[in-house]
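To keep things clear, I will list the structure first and then write my remarks on it.
Only a predicted model underlies this, so the values are computations on that prediction, with no experimental measurement involved. Worth knowing before you read on, the calculation uses all heavy atoms, side chains too, and leaves out hydrogens, waters and symmetry mates.
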Amino acid sequence: MFESAELKHEIDKKSYQSIVPDLRADLLEAQYRVLEAKRFPVIVLINGFDATGRGETVNLLTTWMDPRHIVAYAFGTPNDEERARPPMWRFWRTLPPKGRIGIFFGNWYTESFNAPFPELSSNKTKKPDPALTTAEINRFERMLVNEGALLLKFWFHLSRKEQGKRLRERTENPQTRWRVGPEEWDHYEHYRECRETAERVLRETNTHEAPWMVVSAFDPRYQIVTVARALMQAMRARLDASMQPDGANAAAGMPQEAVQEAVQEEAAKTSETPSAPRLNVLNTLDLSQRIEKEDYRERLAKYQGKLAQLVRSPEFGARALAVVFEGPDAAGKGGAIRRITGTLDARNYRVVSVAAPSEEEKAQPYLWRFWRHVPPRGKVSIFDRSWYGRVLVERVEGFCTLADWQRAYSEINDFEAQMTNAGIVVVKFWLAICADEQLKRFREREQERFKRFKITAEDWRNREKWSDYEAAACEMVEHTSTDIAPWTLVEANDKYFARITVLKTLCKRLEAALAAGK
């Protein structure tokens, strides 16, 4: 879920200086349009790990706009007056009116993110404050949006390595030493638990009405530009929608889709500076990795043998395996699948090749046709394309609405969590190739008789939307690469390298699950 945010997204100083003047003017203009229209409030939630520059970002935002019409709230431990009322009371009474902007630190997510540290939730002499359930939060945020609020949620993310570096730098500097205490170091020492909790909360509250935007905090310039652009474009899109003939009801319906589309478009521009190409989890892969034929044969025999032993072990009888393959056309999914099935007993596995849904399947929830192929104990299901079609081809080709594919992220995560809880090991592969390699393979398919059936007019048409599919894939990884079912991104320009990576990963994941005995 945080793969993209852990990349070193950066904006150099020169590019930053060229971006900021226009961005500040656009942001201020949008703020005054909101203030004059008085059609909706703007609610901005700022969350993230320690040392991610949350305060610095908010301070810059308020200086770039008119601070007289912005209120920033930092909620700490509830006082006695607040404890005597419902947990949401202190947030209810501070919501901004129409036309104003409210920025919330320490918001209604604080207790949820502090779940691994109950001692941080309240005074030790009093009972810890219970965290709101994610279902309660979702209902509250749905109500805010339905009432017309523009709600933006940001999570600022850092890798553990970078967080530790910043904490040490702040500790060593007398001017910033006060900002680092036992609490920050405790969070750092328990980074994995904090990350797992954040992932769960974001996954469960990433809704169509109020999706999360995960922002890399590696570079402060990139961070502020990303947030400012998202806020500016969200206000613009909501204003434009509210000016339509049905503007009185616009904020709660279709305009939310327009807002999110605009935010995504503007956020995508942040990494696309004059000095650097757009950075994402796919174009940072090293596609030049190769394995020589002789080395490939040795490793193939090794990992096929190991996989055969694992799926034939008594321990596997209490488990099951679901293997998912996604990737561009001609990425080598079929070849990788054959190297898996070549070592399995045909009676114990099933390859599910996913095409367009039938009329029967269209009459059911989109996950229905995959529910039917969930493997029982002791069996293996291999999906040649999968339920991720909802957030890939259906999204790009317009076969479903923005609301449909946005809510699919949480639905897919829930589905995979249910499989994992039932003892199924879910292993997901994205086979990545470059556009030039795909073109090469397409031409080979056209020329070779036994491969000609693999190439269709639809493959050529999909190729024209390469950038759209890449963007969808990157967002898919960000929202669905969870601790229980992470994505493995496989450099697949070299088929030998890709096949060995797949087999090695399968063995590693399966071996760990069987050793854990759960």
Side-chain angles (χ1 to χ4, degrees), residues 282 284-313 315-316 319-353 375 378-386 425-455 459 486-515:
L282 294 183
T284 56
L285 297 175
D286 181 6
L287 298 179
S288 67
Q289 298 185 79
R290 302 182 62 82
I291 292 179
E292 296 302 322
K293 193 169 186 178
E294 287 304 315
D295 190 15
Y296 165 71
R297 287 174 175 171
E298 291 180 12
R299 295 195 193 186
L300 181 66
K302 173 185 175 180
Y303 289 114
Q304 282 187 325
K306 189 171 184 178
L307 181 60
Q309 290 179 338
L310 289 169
V311 297
R312 288 172 172 80
S313 67
E315 292 82 5
F316 186 70
R319 306 302 295 263
L321 178 63
V323 187
V324 173
F325 282 94
E326 294 286 355
D329 297 322
K333 295 182 288 295
I337 289 171
R338 284 194 293 276
R339 273 63 190 181
I340 296 172
T341 59
T343 193
L344 303 178
D345 186 331
R347 295 168 296 181
N348 293 328
Y349 74 83
R350 182 174 185 179
V351 177
V352 182
S353 184
K379 304 293 183 180
V380 179
S381 289
I382 303 172
F383 294 87
D384 183 359
R385 300 202 183 277
S386 66
V425 182
V426 181
V427 187
K428 306 182 300 193
F429 297 102
W430 177 270
L431 302 190
I433 58 174
C434 66
D436 289 342
E437 179 64 22
Q438 185 190 57
L439 179 60
K440 174 186 172 184
R441 295 183 185 183
F442 276 11
R443 287 174 174 165
E444 287 176 352
R445 288 181 175 185
E446 287 184 324
Q447 294 168 5
E448 297 180 28
R449 183 179 177 185
F450 72 97
K451 289 185 177 181
R452 213 168 284 164
F453 73 96
K454 291 185 175 183
I455 188 75
D459 294 330
W487 278 99
T488 298
L489 306 181
V490 181
E491 295 90 342
N493 267 14
D494 179 63
K495 293 181 180 180
Y496 292 162
F497 182 87
R499 293 166 185 172
I500 296 303
T501 301
V502 166
L503 286 167
K504 184 178 179 180
T505 302
L506 272 178
C507 291
K508 183 178 179 181
R509 290 286 309 281
L510 196 52
E511 192 172 36
L514 297 183

* CA sep, side-chain torsions, deciding dist, call: Glu511, Lys306, side chain to side chain contact (heavy atoms under 4.5 Å, CB included) -> CA-CA 9 Å; Glu511 192 172 36; Lys306 189 171 184 178; 3.3 Å; yes
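- Nearest heavy atoms, Ala513 versus Val425: CB-CG2, 3.6 Å.
- Annotation: side chain of Pro375 is not in contact with side chain of Val380 (no heavy-atom distance under 4.5 Å).
- Atoms NZ and OH, on Lys508 and Tyr303 in that order, are 10.0 Å from each other to the nearest 0.5 Å.
- In this structure a side-chain-to-backbone donor-acceptor pair under 3.5 Å is missing from Arg350 to Phe383.
- Looking at every heavy atom in both residues, Lys379 comes nearest to Arg347 through NZ-O, 3.4 Å.
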* side chain to side chain contact (heavy atoms under 4.5 Å, CB included) evaluation trace for Ile337 with Val351 -> CA-CA 8 Å; Ile337 289 171; Val351 177; 4.1 Å; yes
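- A 4.5 Å side-chain heavy-atom check between Arg290 and Tyr496 finds every atom pair outside the cut-off.
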* Kindly determine whether Asn493 and Ser288 satisfy side chain to side chain contact (heavy atoms under 4.5 Å, CB included), including the steps that lead there. => CA-CA 7 Å; Asn493 267 14; Ser288 67; over 6 Å; no
* Please lay out, stage by stage, how Leu321 and Val427 fare under the test side chain to side chain contact (heavy atoms under 4.5 Å, CB included). => CA-CA 8 Å; Leu321 178 63; Val427 187; 3.9 Å; yes
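- A salt bridge links Asp295 with Arg299: the closest approach of a Lys/Arg side-chain nitrogen to an acidic carboxylate oxygen falls below 4.0 angstrom.
- With Arg339 contributing its side chain and Gly335 its backbone, the two residues share a donor-acceptor pair below 3.5 Å.
- Annotation: side chain of Tyr349 is in contact with side chain of Thr341 (closest heavy-atom distance under 4.5 Å).
- The closest donor-acceptor contact from the side chain of Gln438 to the backbone of Ile433 lies at 3.5 Å or more, if one exists at all.
- With rounding to the nearest 0.5 Å, the separation of SG in Cys434 from CG in Leu439 is 9.5 Å.
- Of the inter-residue distances, the one linking Phe429 atom CZ with Trp487 atom CH2 reads 10.0 Å to the nearest 0.5 angstrom.
- Nearest heavy-atom pair across Val502 and Ile340 is CG1-CD1, 3.9 Å.
- Put simply, CG on Leu489 and CG on Leu431 are 10.0 Å apart, with the number rounded to the nearest 0.5 Å.
- Minimum heavy-atom separation, Phe316 to Val311: CD2-O, 3.3 Å.
- Every salt bridge (charged side-chain N to carboxylate O under 4.0 Å, His left out) that Glu437 has, sequence neighbours left out, goes to Arg441.
- In summary, Arg385 and Glu326 engage in a salt bridge, as defined by a charged side-chain N under 4.0 Å from a carboxylate O.
- With rounding to the nearest 0.5 Å, the separation of NZ in Lys495 from OH in Tyr296 is 10.5 Å.
- Remark: side-chain polar atoms of Lys333 are paired, donor with acceptor, to backbone N or O of Pro328 under 3.5 angstrom.
- Partners of Glu292 by salt bridge (charged side-chain N to carboxylate O under 4.0 Å, His left out), not counting sequence neighbours: none found.
- When all heavy atoms of Arg312 and Thr343 are compared, the closest pair comes out as NH1-O, 3.1 Å.
- With Asp494 contributing its side chain and Ile291 its backbone, the two residues share a donor-acceptor pair below 3.5 Å.
- Leu310 and Cys507 make their closest contact through CD1-O, 3.6 Å (heavy atoms, listed as atom of the first residue, atom of the second, distance).
- Once rounded to the nearest 0.5 Å, the distance linking CD1 of Ile382 with CZ of Arg338 reads 12.0 Å.
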